Every structure is written in C-alpha cells, then in structure tokens.
Amino acid sequence: MPELPEVEVVRRGLELHVVGRRIERVEVGRERTVRRTSAAAVVTGLTGATMTAARRRGKYLVCDLDNGRAVMVHLRMSGQLVLAPASSPRPSHAHVVLTLTGDQELRFVDPRTFGEVVVFDPGRADVEVPELGRLGPDPVADGLTMRQLRRLLATRSRQVKALLLDQHALAGLGNIYTDEVLHVARVRYDRPANALTGRQVGALHRAMEAVLADAIAAGGSTLGDAQYVGLSGEAGRYQEQHRVYGRAGSPCPRCRGRNVIVRAPFGGRSTFFCARCQR
DNA sequence: CGATCTACCTGATGGC
DNA sequence: TGCCATCAGGTAGATC
C-alpha cells in the first residue's frame, strides 16, 4: 500500500515528467473520487493549468498550479497515479484523467475508491484540506531530529507502533514500514513509547532514516496484489528486502534460524515481528 | 489521553 | 464451477 516511500517515488515522477506541462483536458469518471468538492470544481480548477511543483507531506501529494490553485491527491489503499500515452487503453477504475500536452494522460486509478483528488485554494487550505495542517513532521521531507523523536516518544504512553502509525504524530509511515523500522531497530511493536531506552530511541531514529531511504531508492514496495506502481507503471523492488512484513513463518533475518517471524493481531490488522530480537 | 471499533470499497483468495 | 466469507489497510469519527 502506498506509504511515504511509494508516494515519494510518485512525487519524483511528477516532478520529472508532469511539472511544466499544461493540462489540456480533465475527465472525472467517478464522483466519489472528487467527493470533497465536485467534478465541476476539479475540471474547472485543473483545465488549462500547468503544474509548477510537486510536493509531498506524509502520504499526501500536493501539487501547485500556475492558476493559483493547488491539487491534493491521496492514494489511500489502492490509488495509483500513472502516466501513459493518451492512445493506450485506459485501465479499469481510471476515475480522473488529465490529458497533458504531448498526448499523454495522467490517470488516477483507484479500484477501491478510498483515494481522493481535491482542487483547493491554498489560502483556504485550513478549511478545504484541514488534514494537511494536522500532520506531524515528515521524516524525509522535513527531517526528524533525534531530539524531536525523543520528545515525541517520551510524551506518549501508547504502544510505539500505534504512535508511529499516527499521522498526527509523524507523517508517512504505514503498516509495512513501521514493522520494518521496528525490526531494524530491534524494538517490539507493543512497547509503550515512553518506555524505550535512549539506545532504542537512537536505533529507531537510525532505522527510520535507513529504511525509508533504502525503500525510496528501491522504488517502493509492490506487494503481491500489485496495487502500487510508480508514475510510469513500474513496480517497486523493496518488497524483496522486507525483513518481517508478510513473512510470518520465515526465519528471522537477524536471528538466523533461531527464531521465526510471527504475525500478531494489531488494531484489527496484522503486525509482523521477531519475539527474540525485538524487545 | 488511549484503546477499540466502525465505516468506507473492491478484488483476490480460500473453503466447501 | 459457483457461492460465500475473509482479508487487505489509510483515515476519520464515535464510544468507553
């Protein structure tokens, strides 16, 4: 599922291939995708505009337009942004399609329709896209210092994984990367955040930087259901490096056969960890 | 404050 | 082969 690294790969694709190109035509095929505003608002807001910048905060993409407006895209569970020749067959669930100069289409594809496209007035962002203002620091876009992380952890008693997943505390981590980061840092998911030792906080900080950087470099994670792809339709490769996520029953890559990765229920979903080397 | 649950949705998968 | 149940998970909001 798209988390920080996947969204960052898409953002870089936009920066490289879409910024600077004029949007000639806009089609909205599914109202639900533009439910925040309306199809008309998205069509009039984007038609004729040129994207001037592609930014990211956590899992949110925010693109600036030369008409003074901005567009927010959230992929949620199954959303994809894909650039393709206008002449190529459109996949199912291409709910918003922008035709760009040069006969290419930027398609927002989203089978499960959790995702959203919102065209908004940056001056009114606090009312039109209020969630952007409630996001915690993004460890890649903003950087996250040791001091910030220590403070974040020390002031909460919740389970550390719940805190890392909370976008208001820290923006960008989802179920895959929290598990990966916690394994690298050798911290159990259910430790109270404020019970981590100074050593563990340091390990967590380093793990977060390393895992996110490696995942971005590998083009993100594309799971078996192939939901996530980059802007040009390319699959990620970081799933090959997953240590724990989706690996229940496999030997722990650190314990080397002395223990196996287990799966435990967590918040109605799953968490994967090694009970031996994560404490 | 935090823990837990629900809703939103479709496609893939497993059991029978 | 078909039918049904289950699972996947980002986020907001309700409830205790």
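Everything numeric in this text was worked out from a predicted model, so none of it was measured.
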Between A:M77 (CE) and C:dA12 (C1'), how many Å, whole number? 14 Å
Contact class for A:S78 (heavy atom, under 4.0 Å): base, sugar-phosphate, or nothing? nothing
Would you indicate which nucleotide in C:dA8, C:dA12, C:dG10 comes nearest to any side-chain atom of A:R134? C:dA12
Measure CZ/A:F272 against C1'/C:dA8 and give the value in whole Å, please. 10 Å
A:Y60 OH to C:dG10 P: how many Å, rounded? 12 Å
Any side-chain N or O of A:R32 below 4.0 angstrom from OP1/OP2 of B:dC9? yes
State yes or no: are the ring centers of A:H95 and A:F108 separated by less than 6.0 Å? no
Whole-Å gap separating C1' (B:dT4) and CG (A:D190): 16 Å
So does A:T113 get a side-chain nitrogen or oxygen closer than 4.0 Å to the phosphate oxygens (OP1/OP2) of B:dC8? no
Nearest to the side chain of A:E131 - C:dA12, C:dG10, B:dG11? C:dA12
Considering just the side-chain nitrogens and oxygens of A:H168, establish if one lies under 4.0 Å of OP1 or OP2 belonging to C:dT11. no
Do any side-chain nitrogens or oxygens of A:H93 fall under 4.0 Å of OP1 or OP2 in B:dG11? yes
Against the side chain of A:P111, the closest entry in B:dT10, C:dC7, C:dG10 is B:dT10
Quick check on DNA chain B: between A:F114 and A:A162, whose nearest nucleotide comes earlier from the 5' end? A:A162
Output for pair (A:I261 CD1, A:F272 CZ), nearest 0.5 Å, gives 10.0 Å
Quick check: on DNA chain C, is the nucleotide nearest A:G268 upstream (toward 5') of the one nearest A:L135, or the reverse? Name the residue that is more 5'. A:G268
Salt bridge or not between A:R36 and A:E116? Use side-chain N to carboxylate O under 4.0 Å. yes
Looking at every strand, decide which applies to A:R158 at a 4.0 Å heavy-atom threshold: base, sugar-phosphate, or nothing. sugar-phosphate
Of the nucleotides C:dG10, B:dC9, C:dA8, which one has an atom closest to the side chain of A:R30? B:dC9
The nucleotide from C:dC7, B:dG2, C:dT11 with an atom nearest the side chain of A:R263 is C:dC7
Looking at A:H74, I'd like to know whether one of its side-chain N or O atoms comes within less than 4.0 Å of OP1 or OP2 on C:dT11. yes
Distance-only donor-acceptor check, side chains A:S221 and A:Y177, under 3.5 Å: yes
Short side-chain donor-acceptor distance under 3.5 Å, A:T113 and A:R32: yes
